[in-house]
4 protein chains.
Amino acid sequence: MQPNDTKEQLELQALQFFARNDYERSSLNDIAKALGVTKGAIYHYFKGKDDLFYASVNRLLNMVEGWFVDALPRDIPLKILLDNLFRMDETLTEIGEHSGLGDAITDYKNIMYLFLAALKKFPDIRKRLDDIYTGFHDVLADAMSRAVDKGEIRKDTDIEAVAYEITAFSEGALLLGAFTDRKDYSVLGPRVCEAIWARIALPAMGRRQGEKNETK
Amino acid sequence: MQPNDTKEQLELQALQFFARNDYERSSLNDIAKALGVTKGAIYHYFKGKDDLFYASVNRLLNMVEGWFVDALPRDIPLKILLDNLFRMDETLTEIGEHSGLGDAITDYKNIMYLFLAALKKFPDIRKRLDDIYTGFHDVLADAMSRAVDKGEIRKDTDIEAVAYEITAFSEGALLLGAFTDRKDYSVLGPRVCEAIWARIALPAMGRRQGEKNETK
Amino acid sequence: MQPNDTKEQLELQALQFFARNDYERSSLNDIAKALGVTKGAIYHYFKGKDDLFYASVNRLLNMVEGWFVDALPRDIPLKILLDNLFRMDETLTEIGEHSGLGDAITDYKNIMYLFLAALKKFPDIRKRLDDIYTGFHDVLADAMSRAVDKGEIRKDTDIEAVAYEITAFSEGALLLGAFTDRKDYSVLGPRVCEAIWARIALPAMGRRQGEKNETK
Amino acid sequence: MQPNDTKEQLELQALQFFARNDYERSSLNDIAKALGVTKGAIYHYFKGKDDLFYASVNRLLNMVEGWFVDALPRDIPLKILLDNLFRMDETLTEIGEHSGLGDAITDYKNIMYLFLAALKKFPDIRKRLDDIYTGFHDVLADAMSRAVDKGEIRKDTDIEAVAYEITAFSEGALLLGAFTDRKDYSVLGPRVCEAIWARIALPAMGRRQGEKNETK
DNA sequence: CATGAATGAGCCTTCATTCAT
DNA sequence: GATGAATGAAGGCTCATTCAT
């Protein structure tokens, strides 16, 4: 076992623990027990409870950044990209299984708790979250720009607004799921996608008139 | 001063305190000091720290429900209603001033922390939140139904999807503001509103060729 | 029981405890048990272990300063004053009984431990100790000045050196007692006093013959 | 490097560390780091933290005993011996440089802390300290006896008292330096020496009336 | 009604010590 | 010989809660 291996394992297990349990209300005794080590071992690798939490959250943020690269390929038709985005709940499940984090991550509510708790304790986390959301937004905006060039969507699309709308909607849908425990997203998500698409899409072989009408 | 008046005052002040400070990290001593009373006084009116928190959050939920009634009148044109909704940030500020809660409520991040903390401690809070969001959604859906009848929007509008979209988008926009500290909402919110409106609106005197295309 | 009474009692009891036990090696559990209260009670009156120690030591310093006023009256013949000084071990015993500190203070070794431990933790204690020793020295020097005027001791007495010698000797004698557990002081202290006196004393009616008087 | 060499080196380095740092407050990790080895290495040569401390202090005591033999030669005139003794601060500095202990030993306060800490943990240390002070005292008493025989000092000198006085004064002067940070010793020490000498010295060729009187 | 002194359980953290390598 | 990962027993401290006044 390499020296860093144990630390990484602890971070990953702690991440799962913190995803499922509230940081402030978790005693280090509980955490150690959940990680299968003693408190002393934790202090061997981390400066304290906070440090362990910080390391875990940053590890999650790193993983999230990595998922973006995989989940948002830039060379596919916009419609395909959107369809993928609006099935983010499935994506999260896949990631959970694939990353070894189990279902701790699947429930987006857990991630939100985690991020908010981290945000409260470590203000510099905000910068990283900002980067992630900005990245998400930029990928969307870029894809739409290219789609305009390729004639997939209308020239007069308010790209900024649509990118923002999708970003906020995705986040809000997950938040609603956290707050209300409903699963509207899997049903209504695709329908929202269709509606947005219908608004911005250009008919396969165009027909100028349609455009003019909605222009303005 | 009626007997219950003191208790209500304590709840309101505690609400402000909890909006600004993390519940778990606030000691009852700090809370008592912030409320200008002694610990004993708190225990006189509440069963304990948790009970004070629970009462405060429920008071906020009551207020939120009240705001809906005022903020979402049902007999105005849909477009006006939407315009109001998409300026929710301004609405929150007004409510903050008007309700005597000061700017503790203005920052939506504070409300979210509060709800999440409450959700974690008191699972039955979820039901109340669910009701609120459902109410929000239903008001929208009803308004759209009536707008269809009045010929304000298209008959083929996917009312469920649009109501869901707006609900989730509003929540998500506020969440993004909490996570990233950006103020996109005030700029892009209205543009998103316009885009959605353009999608569902029926031209004043109906009938432009473009319609046929999107009617599928 | 007045509010400050308990705190004062705790300080006095803690002082006795710290005089008998090493500060660093005493757990707050032990201390609380010795004081007959719980840890929480200590934290009610003091900011922490250090604060309790600091308060106790300062209380002792205050008492020591008070003892000086009583123990070193300035209007007595120098010889009487010196005789008193060189029986300081008896004086400490009296003070111990009289002050309610019991025999914790009697053993000067305990006081030294206490002062040294305090010095290590609270550098500002040095100033107070300095004042005490300076006061001791000054009282001696003043008394000798007056004794010169009154013709009790020789004009050519090196007052500074003698005051320093007596101060250092007294301290050193007590330190030796601490380091070696011998009780030379009670036997040899008076003889040292006689030797010093013989060196500086002026015959009762001046003039060489008078020296015979001191030959006893 | 002989097998015991490493152990000796560790003891010496630990001695310097303990002279500068408080034993109780130093963790074995800090100590190991300061000694440039790992904890395991320390446990290889010593039974534990206490054992290392005990060995270090005993090493210092051995060195102190050795210094006496060199610093207090018995075949020099008493006045020379006394002059040396009353410049003990310089002697300590020389010893510090000469012994390789650096300035850790120069500050007598450090030595006192060390001895007191050792005394508290290992009561048998008291015996060794007693021996050292007794040795110091005896060397002085012997020298004075011989000085009486050689006609250097008066026959009626209270040898016991003077030896005790000088021993205690020396110790007390160093203690005052530790307690108050003043440097009176270097100035007043020699003057005290002169005063004591004047008291006991026999004029080179005798002949003052006063002498006869005090000869008893 | 209200106070605040006192409690005690539990928290985070430190650290001497052990032991597999 | 030497390492450092891991342990576990305290230690200092916090704080919700109780209760005599």
Side-chain angles (χ1 to χ4, degrees), chain A residues 1-7 10 24-32 35-53, chain B residues 1 3 6-7 23-33 36-53, chain C residues 1-7 10 23-32 35-53, chain D residues 1 3 6-7 10 23-33 36-53:
Chain A
M1 185 182 293
Q2 281 122 10
N4 283 4
D5 231 18
T6 305
K7 185 171 186 183
L10 288 180
E24 303 287 352
R25 298 167 68 90
S26 303
S27 83
L28 210 53
N29 262 323
D30 299 337
I31 297 169
L35 304 206
V37 293
T38 62
K39 272 187 294 185
I42 291 179
Y43 276 90
H44 190 72
Y45 290 103
F46 303 93
K47 277 185 222 150
K49 197 190 173 197
D50 279 17
D51 190 38
L52 173 63
F53 184 46
Chain B
M1 185 185 294
T6 305
K7 185 171 185 184
Y23 175 75
E24 302 289 352
R25 299 161 74 103
S26 302
S27 82
L28 205 56
N29 261 324
D30 297 338
I31 297 168
K33 202 171 296 175
V37 295
T38 62
K39 270 186 298 186
I42 291 179
Y43 273 89
H44 190 75
Y45 290 105
F46 303 93
K47 273 184 246 163
K49 196 190 172 197
D50 279 14
D51 189 38
L52 173 63
F53 184 48
Chain C
M1 186 184 292
Q2 281 123 11
N4 283 5
D5 231 18
T6 305
K7 185 171 187 187
L10 288 180
Y23 175 75
E24 302 288 351
R25 298 166 69 90
S26 303
S27 85
L28 210 53
N29 265 323
D30 299 336
I31 297 169
L35 305 207
V37 295
T38 61
K39 270 189 294 185
I42 291 179
Y43 276 91
H44 189 73
Y45 290 103
F46 302 93
K47 278 185 223 151
K49 196 190 173 197
D50 278 16
D51 190 37
L52 173 62
F53 185 48
Chain D
M1 184 186 293
T6 305
K7 185 172 186 185
L10 288 180
Y23 174 74
E24 303 288 352
R25 301 161 73 107
S26 302
S27 82
L28 205 56
N29 260 325
D30 298 337
I31 296 169
K33 201 172 296 173
V37 296
T38 63
K39 271 186 298 187
I42 290 179
Y43 273 88
H44 190 75
Y45 290 105
F46 303 92
K47 272 183 246 164
K49 195 190 173 196
D50 279 14
D51 190 37
L52 173 62
F53 184 49

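Remember, predicted model here, so these are calculated numbers, not experimental data. Scope of the values below: all heavy atoms of this structure, side chains included, with no hydrogens, waters or symmetry mates. A note on names: the letters A, B, ... follow the listed sequences, proteins ahead of strands, and every chain is numbered from 1.
Listed by chain and residue number, D:Ser27 satisfy the side-chain hydrogen bond (donor to acceptor under 3.5 Å, both in side chains) test with D:Asp30 (two or more places apart in sequence, or in another chain). Partners of C:Asp50 by salt bridge (charged side-chain N to carboxylate O under 4.0 Å, His left out), not counting sequence neighbours, listed by chain and number: C:Lys121. Listed by chain and residue number, C:Phe18, C:Phe53 satisfy the ring pair (Phe, Tyr, Trp, His ring centres under 6.0 Å) test with C:Tyr23 (two or more places apart in sequence, or in another chain). Shown here are the side chain to side chain contact (heavy atoms under 4.5 Å, CB included) partners of B:Tyr43, two or more places apart in sequence or in another chain: B:Leu28.
C:Phe53 has its CZ atom 13 Å from the P atom of F:dG12, to the nearest Å. Taking atom CG of C:Asp51 as the reference point, atom P of F:dG12 lies 14 Å away to the nearest angstrom. Across the protein-nucleic acid pair, A:Leu52 atom CG and E:dC12 atom P stand 11 Å apart, rounded to whole Å. Counting to the nearest Å, the P atom of E:dA6 and the CZ atom of C:Phe46 are 11 Å from each other. When the P atom of E:dC15 is taken as reference, atom CD1 of D:Ile42 falls 14 Å away, rounded to whole Å. Atom CD1 in C:Ile31 sits about 14 Å away from atom C1' in F:dA10, given to the nearest Å.
Scanning both residues, B:Ala32 and B:Lys39, for their nearest heavy atoms gives CB-N, 3.8 Å. Taking all atoms of both residues into account, the shortest heavy-atom contact from C:Tyr45 to C:Leu10 is CD1-CD1, 3.7 Å.
The CG atom of C:Asn29 lies 9.0 Å from the CD1 atom of C:Ile42; values are rounded to the nearest 0.5 Å.
The residue among A:Gly36 and D:Ala41 whose nearest nucleotide of DNA chain F lies closer to the 5′ end is D:Ala41.
Taking the side chain as every heavy atom from C-beta outward, B:Lys49 and B:Ile31 approach each other to under 4.5 Å.
Distances from the side chain of A:Tyr45 to the nucleotides F:dA6, E:dA6, F:dG1 place F:dA6 closest.
Taking 4.0 angstrom as the limit, A:His44 places a side-chain polar atom (N or O) nearer than this to OP1 or OP2 of F:dA5.
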When every nucleotide of nucleotides 13-21 of chain F is labelled 5' to 3' by its protein contacts under 4.0 Å (heavy atoms), B for base, S for sugar-phosphate only, - for none, what sequence of letters results? BBSSBB---

Structure string for DNA chain F in dot-bracket form, Watson-Crick and G-U at under 3.5 Å, | interchain: .||||||||||||||||||||

